[in-house]
Chemist: 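Got a structure for you, written out below as C-alpha cells; questions coming shortly.
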Amino acid sequence: MSFIFEAGVLKRAARTGWWFAGVKHPESIAEHSFRTALIGMMLAAMEGADPARVSMLCILHDTQETRITDIPHIAKRYLTAAPNTAVTADQVAGCPPAVADVINAAVAEYEAGETLEAVVARDADKLECLVQAVEYRQQGVSDVQRWIDSSRDALKTASAHRLADVALTSGSMPWLHRPTAK
C-alpha cells in the first residue's frame, strides 16, 4: 500500500517545466502519465509492439518524481539526480517480491530504451508533451514552440511522427465537431 499511496502524490504534483512557458497551473504528472499510456497503447498497435507492455512502461515512467520531483530541463544542467532505477528500487522495496520485480524490470526496460516497447513508450512520452504544448498554445500560451520542437525531434517511430503531424495541423477540438454515426 505504501507505493500506492506514494503514487497518489503524482495527482497533486505539477509538471513544472511548463512554468517557464507561462503556464500558471500545468497538468499533474499523473495526468501526463495517463495520456502517455493511452498514446503508448495506440502507438504500440500502430508499430506492432505489445500495447499492454507499452502502457505499463508509460504509467511507470515518471513515478520516481514523487521523490525527485519533475526536474525542469534547465535545472538538469545543475543537478545530478539518482538514476530512476535506483529511485524505483527504493519505492518498491516494501512491496511483495513479485510486485517489486515487475515494476523494477519495467522501469529498467524503459530507462534502457532498447526494446521496441521502450522506444514506443518513450515516443508516447514525447508525443504527449507535444500534444500538451499544442493545447496550451490554443489556450493562449505563446511560448511553447521549444517544447514542440524538442519533442518532435526526439520521436523515433514513423507512427509517432505521423501523429505529431496531425496534432500540429488539426488542433485539439475536431472531435467535438464531427457528425455522429447513425
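We count residues from 1, following the sequence as given. Note that the coordinates shown come from a computational prediction; the quantities given were computed from them, not determined experimentally.
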Chemist: Indicate yes or no: at least one non-hydrogen side-chain atom of V54 is less than 4.5 angstrom from one of E47.
Modeler: no
Chemist: Check the pair I29, T66 against side-chain contact (heavy atoms from CB on, under 4.5 Å), reporting the backbone distance first and the verdict last.
Modeler: CA-CA 9 Å; I29 296 164; T66 61; over 6 Å; no
Chemist: Is it the case that over 12 heavy atoms from other parts of the model lie below 6.0 angstrom from the CZ atom of F3?
Modeler: yes
Chemist: Would L127 end up clustered with F34 when hydrophobic side chains under 4.5 Å apart are linked, directly or stepwise?
Modeler: no
Chemist: Say whether V134 and W147 are linked into one hydrophobic cluster, either directly or through other cluster members, by side-chain heavy-atom distances under 4.5 angstrom.
Modeler: yes
Chemist: Taking CE in M56 as the centre, count heavy atoms belonging to other residues, nucleotides or ligands within less than 6.0 Å. Is the count above 12?
Modeler: yes
Chemist: Let's go through Q139 and V144 carefully: what are the C-alpha distance in whole Å and the side-chain angles of both, what is the deciding distance for side-chain contact (heavy atoms from CB on, under 4.5 Å) to 0.1 Å, and is it a yes or a no?
Modeler: CA-CA 11 Å; Q139 294 168 14; V144 296; over 6 Å; no
Chemist: So which atom in S172 and which in E135 form the shortest heavy-atom distance, rounded to 0.1 Å?
Modeler: CB-CG, 3.9 Å
Chemist: Which atom pair, heavy atoms only, marks the closest approach of S159 to M46?
Modeler: OG-CB, 3.3 Å
Chemist: Kindly state each residue pair satisfying salt bridge (charged side-chain N to carboxylate O under 4.0 Å, His left out) with at least one member in residues 121-130, sequence neighbours excluded.
Modeler: R35-E128
Chemist: Keeping Q91 on the side-chain end and T63 on the backbone end, is there a donor-acceptor pair under 3.5 Å?
Modeler: yes
Chemist: If the plane angle is over 60° it's perpendicular, under 30° parallel, otherwise tilted; pick one for W18 and Y136.
Modeler: perpendicular
Chemist: For a quick test of reading the model, state the closest non-hydrogen atom pair linking I148 to A133 and the distance between them.
Modeler: CG1-CB, 3.6 Å
Chemist: Side chains of V92 and N104: does their closest heavy-atom pair fall under 4.5 Å?
Modeler: yes
Chemist: Sort out for me which residue in E31, H25, H32 forms a side chain to side chain donor-acceptor pair (under 3.5 Å) with S28.
Modeler: E31
Chemist: Does E117 use its side chain to pair, donor to acceptor, with the backbone of L57 at less than 3.5 Å?
Modeler: no
Chemist: Should the heavy atoms of other residues, nucleotides or ligands under 6.0 Å from NE2 of H73 be counted, would the total exceed 12?
Modeler: no
Chemist: Assess whether a salt bridge exists between E6 and R67, defined as any Lys/Arg side-chain N lying under 4.0 Å from an Asp/Glu carboxylate O.
Modeler: yes
Chemist: What closest approach, in Å, do T16 and P72 show between heavy atoms, and which atom pair accounts for it?
Modeler: OG1-CG, 3.4 Å
Chemist: Find the distance between OG (S33) and CG (L38) and round it off to the nearest 0.5 Å.
Modeler: 12.5 Å
Chemist: Which heavy-atom pair separates H61 from Q64 by the least distance, and what is that distance?
Modeler: O-OE1, 3.0 Å
Chemist: To the nearest 0.5 Å, what is the distance between CZ (R146) and OG (S151)?
Modeler: 12.5 Å
Chemist: Working to the nearest 0.5 angstrom, can you tell me the gap between I39 CD1 and L163 CG?
Modeler: 8.0 Å
Chemist: Below 4.5 Å, heavy atoms only, C-beta onward: do L60 and Y110 meet side chain to side chain?
Modeler: no
Chemist: Evaluate the criterion side-chain contact (heavy atoms from CB on, under 4.5 Å) for residue pair D70 and D62; output intermediate values, then yes/no.
Modeler: CA-CA 8 Å; D70 178 31; D62 278 342; 5.9 Å; no
Chemist: Given side-chain contact (heavy atoms from CB on, under 4.5 Å), test V87 with I68 step by step and report yes or no.
Modeler: CA-CA 8 Å; V87 175; I68 60 172; 4.1 Å; yes
Chemist: I need the minimum non-hydrogen distance between I71 and A75, along with the two atoms involved.
Modeler: CG2-CB, 3.6 Å
Chemist: Does a side-chain heavy-atom distance below 4.5 Å link L116 with R53?
Modeler: no
